[in-house]
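Report on the structure given below.
Nothing here was measured: the structure is a model prediction, and the numbers come from that model.
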Amino acid sequence: MKKKFYAVALGRRSGIFTDWPSAEAQVKGFAGAKYKSFPSEEEAGAWLENPVYAKKEHCQNNNAPVQVLPEPRPGAIIVFTDGGCINNPGPGGYGVVIQEGPEERLEMSGGYRLTTNNRMEMTAALVALEKLRGCGAPIDLYSDSSYLVNGITKGWARKWRNNGWCKADGGVVVNVDLWQRLLLLAEALDVRFHWLKGHVGNEGNERCDKLAVSAARQPDLPVDDGYQGGAGMKGDGV
């Protein structure tokens with residue numbers, strides 16, 4: 001049997017593994033795990049430098065439903081955001097793509113040495129909206145984070161704020177520092193949040209993912225004060 005090399009970009013521990021059980025231990029049960037097998041260590045290492053999946057070809061007999069994204073409003077600024085961690089908690093990054101018309105495109109990214117997946121998803125949206133603060137145009141923001149999108153569109157965050165940042169069951173809300181800022185921005189802008197399925201070939205989402213992963217791998221990342229300092233009422237894996 002030919003030897004395989006397993007590259008894990010997002011998991012409990014990232015790196016190259018020479019047997020599947022070792023790689024499986026890093027990704028099994030890990031939300032958003034990103035990994036791939038290769039016939040050589042060189043190919044595995046090259047993919048880890050830029051862990052993007054090739055778009056899948058759809059055969060004619062493939063009747064799987066394709067997600068139809070909500071159309072942006074006329075004249076709207078289109079925003080894609082994504083974020084994640086290498087391990088969770090762990091080094092994290094976020095990516096943002098802002099499209100203002102066919103010729104105007106802005107990309108932004110950044111990261112922290114210790115944070116969580118959800119905090120990076122929220123930070124990506126915050127960075128985008130802070131950049132667009134004061135603009136008069138409508139904004140349509142697309143994210144693959146149900147936590148982020150549902151928190152805004154279903155009114156969860158507003159209810160938590162009205163309840164003194166306590167859940168209906170009495171539990172404490174995490175990431176309060178980010179929710180506070182997001183609500184203020186969302187209320188000051190004409191922005192709509194839309195959920196999209198991640199890693200299915202959407203160009204904006206794939207680009208944000210690439211930016212986020214690259215940012216998380218940068219050396220000497222700053223401290224996420226809201227997480228490590230406790231301002232976000234942190235919880236493991238959120």
Apply side chain to side chain contact (heavy atoms under 4.5 Å, CB included) to residues Gln228 and Arg113 and explain how you reach the verdict.
CA-CA 10 Å; Gln228 290 191 266; Arg113 68 183 64 175; 4.0 Å; yes
Under the salt bridge (Lys or Arg N to Asp or Glu O under 4.0 Å) rule, collect the residues that match up with [X], sequence neighbours excluded.
| X | answer |
| --- | --- |
| Arg13 | none |
| Arg161 | Glu187 |
| Asp144 | none |

Between [X] (side chain) and [Y] (backbone), is there a donor-acceptor pair under 3.5 Å?
| X | Y | value |
| --- | --- | --- |
| Arg73 | Ile139 | yes |
| Asn202 | Asn205 | yes |
| Glu121 | Gly83 | yes |

List the residues meeting side-chain contact (heavy atoms from CB on, under 4.5 Å) with Trp20, not counting sequence neighbours, and say none if there are none.
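With sequence neighbours excluded, Trp20 shows a side-chain contact (heavy atoms from CB on, under 4.5 Å) to Tyr6, Ala23, Glu24, Val27, Tyr35, given in chain and number order.
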What pairs with Lys159 under side-chain contact (heavy atoms from CB on, under 4.5 Å), at least two apart in sequence or on another chain?
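If we apply the side-chain contact (heavy atoms from CB on, under 4.5 Å) test to Lys159, skipping adjacent residues, there are no hits.
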How far apart are the closest heavy atoms of Ala215 and Gly93, and which atoms are they?
CB-CA, 4.2 Å
Do Leu221 and Val213 sit in one hydrophobic cluster, given that two such residues count as connected whenever their side-chain heavy atoms are within less than 4.5 Å of each other, even indirectly?
no
Check for me, please, whether Val79 and Leu106 land in the same ILVMFWY cluster - side-chain distances under 4.5 Å, paths through other members count.
yes
List the steps and the verdict of salt bridge (charged side-chain N to carboxylate O under 4.0 Å, His left out) for Glu100 and Arg105.
CA-CA 6 Å; Glu100 297 187 60; Arg105 177 181 174 119; over 6 Å; no
With side chain to side chain contact (heavy atoms under 4.5 Å, CB included) as the criterion, how do Val172 and Lys167 come out once you've worked through the C-alpha distance, each side chain's angles and the decisive distance to 0.1 Å?
CA-CA 6 Å; Val172 176; Lys167 296 180 180 179; over 6 Å; no
Can Glu107 and Lys131 be said to form a salt bridge (charged side-chain N to carboxylate O under 4.0 Å, His left out), step by step?
CA-CA 11 Å; Glu107 296 183 351; Lys131 182 67 177 180; over 6 Å; no
[atom2] on [Y] to [atom1] on [X], rounded to 0.5 Å:
| X | Y | atom1 | atom2 | answer |
| --- | --- | --- | --- | --- |
| Thr123 | Tyr227 | OG1 | OH | 13.0 Å |
| Asp190 | Ile77 | CG | CD1 | 10.0 Å |
| Glu104 | Ile98 | CD | CD1 | 11.5 Å |
| Leu211 | Asp82 | CG | CG | 9.5 Å |
| Arg192 | Tyr142 | CZ | OH | 10.0 Å |

Does some side-chain heavy atom of Pro39 sit less than 4.5 Å from a side-chain heavy atom of Lys4?
no
Just wondering, do Gln99 and Phe80 contact through their side chains at under 4.5 Å, heavy atoms?
no
Tell me, with the steps shown, if Phe17 and Val8 meet side chain to side chain contact (heavy atoms under 4.5 Å, CB included).
CA-CA 8 Å; Phe17 300 85; Val8 177; 3.7 Å; yes
Do other residues, nucleotides or ligands put more than 12 heavy atoms under 6.0 Å from the CD atom of Glu71?
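Atom CD in Glu71 is not crowded, with 12 or fewer foreign heavy atoms closer than 6.0 Å.
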Would you say Asp220 has more than 12 foreign heavy atoms packed within less than 6.0 Å of its CG?
no
Listed partners of Asp19 passing side chain to side chain donor-acceptor pair (under 3.5 Å), at least two apart:
Ser22
Indicate whether the side chain of Asn117 and that of Tyr147 have a donor and an acceptor atom separated by less than 3.5 Å.
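The criterion, which ignores hydrogens and geometry beyond distance, is not satisfied for Tyr147 and Asn117.
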Among Arg217, Lys210, Gln218, find the residue that satisfies the side chain to side chain contact (heavy atoms under 4.5 Å, CB included) test when tested with Ser214.
Gln218
